[in-house]
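In this chain, residues are counted from 1 in sequence order. First listed ligand is number 1; within each ligand, the first listed atom is number 1. Predicted model, so just to flag it, every value in this text is computed and none were measured. Quick note: numbers below take in every heavy atom, side chains included, and nothing from hydrogens, waters or symmetry partners.
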Amino acid sequence: MILPVVKYGDPVLITKAEKVEEITDEIRELVANMFETMYASEGIGLAAQQVGELKMVAVVDPSVGEDPEAKVVLINPEITEESEEVEPFQEGCLSFPEIRFDVVRPAGITVKALNMDGEEMEYKVDEIMARVFQHEIDHLNGIVFIDHLKGMAKQMIKTRIKNMKRKGEWDL
Ligand code: ZN
C-alpha cells in the first residue's frame, strides 16, 4: 500500500524513532509499504518517520526497483565507523519536495543494523550507498538534511519552503 509521505513541518520528522524489539508482521507490512511508497515517488531511501511511524526502520534501494539485490532494510541501524575523508554530494528528500543541495558528509561509513530476519549485519559502504545510509539514519534520529546547513544557506532554504507552503505547493 502506498502511504502518504510526511512533509517537513510535521513534528514526527524531528523526533527520534524507537528501536524495534522484534520483527513482527506489523514491521514486515510497514517495510513492504515503505518500499512501495518509495518506488512510487522514485526515491532511493525512505525512513519510517517519513510515513509517520516512529520506528527505527529504513529502506534503501539505489537502483529504484531495477535490481532486487540492491534492496536493503536497515533496522535499528548505527554508524560504527566514519572515514576521515568527507565529500559534498547533492541530496534531495521526499519530505522536502523540489529542494536539493550539497551536503558534506563522510565518504565512507560502517553501519551495524538488523536485517528482516533479525540478524545483525555489518555494511561497509561508500559513494551513493554511504550517502543514502547516512541520510536515512539521520531521519531515524530526528535529523533532517537541512540541519546540516548553517547560517545564510539554511535561512535561504527555510524561506523557500515558507514560500512554497504559502502557495500551497508543499503538502501536495
Ligand atoms: Zn530524507
Could you list the donor-acceptor pairs under 3.5 angstrom formed by side chains in residues 123-132, with sequence neighbours left out?
{"residue": "Arg131", "atom": "NH1", "partner": "Glu91", "partner atom": "OE2", "Å": "2.8"}
{"residue": "Arg131", "atom": "NH1", "partner": "Val103", "partner atom": "O", "Å": "2.7"}
{"residue": "Arg131", "atom": "NH2", "partner": "Glu87", "partner atom": "O", "Å": "2.8"}

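Crowding of Glu42 atom CD: a count of heavy atoms from other residues, nucleotides or ligands under 6.0 Å not exceeding 12. Dense packing is recorded around CD of Glu122, with more than 12 heavy atoms of other residues, nucleotides or ligands lying under 6.0 Å away.
Annotation for Ile2: hydrophobic cluster partners, listed by chain and number, are none (ILVMFWY side-chain heavy atoms under 4.5 Å, direct or chained).
Between the side chain of Asp102 and the backbone N or O of Gln90, at least one donor-acceptor pair lies under 3.5 Å.
Residues satisfying the ring pair (Phe, Tyr, Trp, His ring centres under 6.0 Å) criterion with Phe101, sequence neighbours excluded, are Phe145.
Distances under 2.8 Å from the Zn ion (ligand 1) pick out the protein N/O/S atoms Cys93 SG, His135 NE2, His139 NE2.
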